[in-house]
Amino acid sequence: MLQTPLTGKKILLGITGGIAAYKTPNLVRLLKKAGADVQVVCTPSALDLVAKNSLAVVSERPVLVDFFDASGKWNEHVQWGLWADLILLAPLTANSLAKLAYGICDNFLMATVLSARCEVWLAPAMDLDMFTHPTTLLNLKRVADLGYQIIEPETGSLASGLSGKGRLPEPETLAQIVETVFQSPTPEAPQPQGEVEAVTPETSFYRGKHVLVTAGATKEAIDPVRFISNHSSGKMGIAIAEALVQAGAIVHLVYGNVTTPLPDYCYLYPVESALDMLNQCLKLFPNMDAAWMVAAVADYRVENIAREKIKKSEDHLTLHLVKNPDILKTLGELKTPNQKIMGFALETENEEFHALEKLQKKNADAIVLNSLKNENVGFGKNTNEVTVFLHNGDKLPLPANSKTHIAQELLSLTSQCFQV
Ligand code: PMT
């Protein structure tokens, strides 16, 4: 069997009574597929929302719920707490979060978590108003201060019919985050040089600002049916657009080919090629306060696009490519002192040197360097691991986490820097 960072790892999945519990059998299946040994522990109310037998079948272990099983045998919570290499609570309801914050262990799952010595990751999921309730926010801060790791919920439609922040990330995202825990930090990874403090919408630099975001891959036509492109899914750019909306910005999203749902509450500008993207950005930029250039733009395009579908009559076909304009550099040259512009960098060698070169040559205020050392993050994935280079010389690595979380940290970080 293929070795993965999860091979042989003991994962205790705690499920509490939120509607998103229906996603957990798939999460168990993905963790098992990656080689983990998974023990499911449910609160009694979780079982109103997901079938115990389904979880037992996919995990290949009986599901634990109570201190004593049907035969009267004691399920030792201390033993299970010590068994786990990692505990993930997903979904974590507002109620169970409150219990964790105050050490209330009135059920088997909470007693198990209190007995654990491993890292405990929390994936809170609830309705948007419950999530932003001051009690929930205080409890989240409290558990973060206590050392629990938090996976930010996603924004989108919720079970209540409302739309907002509170969705449990998809099982693929959660499984990737768990996997990256056993990989990161990579041995060479520099240690963070500072803490990224949460910036609330009230204090964010982006509040009320017009922000341009580019996302996804451009497509360069070869003929009417073929094109050259790349593997960008648009997830990172869209995560930044969503985080900006939450920070109170007015977001203008210029996007190429994306494989992920587009965000709500943004102005949307679909484009195809790098030239289309440049034209759209040039129209918008004079009225923007900031720009996040996250798109993977094709560096070259076909010089003469065939009018008709190219026939496969010859054994070899040569395409003549010409260089595309650099959109970030163009906007960097047009930038006024009041505008901020941020770019990404994807490098396979001399990463830091090239990232710093881009910061300077493209007149950017920040460049975010993707890590290519961790194969579970970046292009097309739900997670990312980056290092931010700021124009003031600061360098800050952000360890692997969901793109939603990375986007929020990037906004906090740049917000703090721009407000100094
Ligand atoms: O979309 P995902 O699947 O979520 O993946 C995210 C991502 C890996 C695509 C993203 O994090 C990322 O790194 N985007 C930029 C990729 C890239 O084109 O890197 P680059 O080093 O070639 O370009 C540097 C910067 O210049 C980028 O901000 C890019 O948008 C910009 N650029 C590049 C070429 C060009 N012709 N015009 C540009 O504006």
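We count ligands from 1, going down the list as the structure has it; atoms in each ligand are counted the same way. Given the structure is predicted, the values throughout are model-derived calculations rather than measurements.
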Q.
If you measure every N or O of Gly234 against every N or O of ligand 1, does any of those distances drop under 3.5 Å?
A. yes
Q: Would you check whether Lys403 reaches within less than 4.0 Å of ligand 1, judged by its heavy atoms?
A: yes
Q: Say whether Gly343, considering both its backbone and side-chain N or O atoms, lies within less than 3.5 Å of an N or O atom on ligand 1.
A: no
Q.
Minimum distance, heavy atoms only, to atom 8 (C) of ligand 1: which one of Asn384, Thr383, Thr259, Asn370 is it?
A. Asn370
Q) Looking only at N/O atoms, are Pro325 and ligand 1 under 3.5 Å apart anywhere? A) yes
(Q) For atom 6 (C) of ligand 1, tell me which residue out of Arg301, Glu347, Met236 has the closest non-hydrogen atom. (A) Met236
Q.
With respect to Ser233, determine whether any N or O atom, backbone or side chain, lies less than 3.5 Å from an N or O atom of ligand 1.
A. yes
Q) So is Met277 close enough to ligand 1, meaning a heavy atom under 4.0 angstrom away? A) no
Q: Say whether Asn139 and Arg142, considering side chains only, have a donor N or O and an acceptor N or O under 3.5 Å apart.
A: no
Q.
Residue-level breakdown please: for Val386 versus ligand 1, do any non-hydrogen atoms fall below 4.0 Å on the side chain, on the backbone, on both, or on neither?
A. neither
Q. Hey, does Gly237 come in under 3.5 Å of ligand 1, counting only N/O atoms on both sides?
A. no
Side-chain polar contacts of residues 216-229 - donor-acceptor pairs under 3.5 angstrom, sequence neighbours left out - could you list them?
unit_1, atom_1, unit_2, atom_2, d
Thr218, OG1, Glu220, OE2, 3.3
Thr218, OG1, Ala298, N, 2.9
Glu220, OE2, Ala274, N, 2.9
Asp223, OD1, Val225, N, 2.9
Asp223, OD1, Arg226, N, 2.8
Asp223, OD2, Arg226, NH1, 2.4
Asp223, OD2, Ile310, N, 2.9
Arg226, NH1, Ile310, O, 3.3
Ser229, OG, Thr218, O, 2.9

Q. Applying a 4.0 Å heavy-atom criterion (strictly less than), which segment of Lys362 is in contact with ligand 1: side chain, backbone, both, or neither?
A. side chain
Q | ligand 1 contacted by Ala295 (non-hydrogen, < 4.0 Å) | A | yes
Q) Any side-chain donor-acceptor pair under 3.5 Å between Asn107 and Thr43? A) no
(Q) Nearest non-hydrogen contact with atom 19 (O) of ligand 1 belongs to which option: Leu346, Leu331, Thr260? (A) Leu346
Q: Could you tell me which non-hydrogen atom of Leu13 sits nearest to which non-hydrogen atom of Ala90, and how far apart they are?
A: CD1-O, 4.1 Å
(Q) Would Lys235 count as being in polar contact with ligand 1, using the rule that some N or O on each side must be under 3.5 angstrom apart? (A) yes
Q. Would you say the side chains of Gln246 and Thr155 form a donor-acceptor pair under 3.5 Å?
A. yes
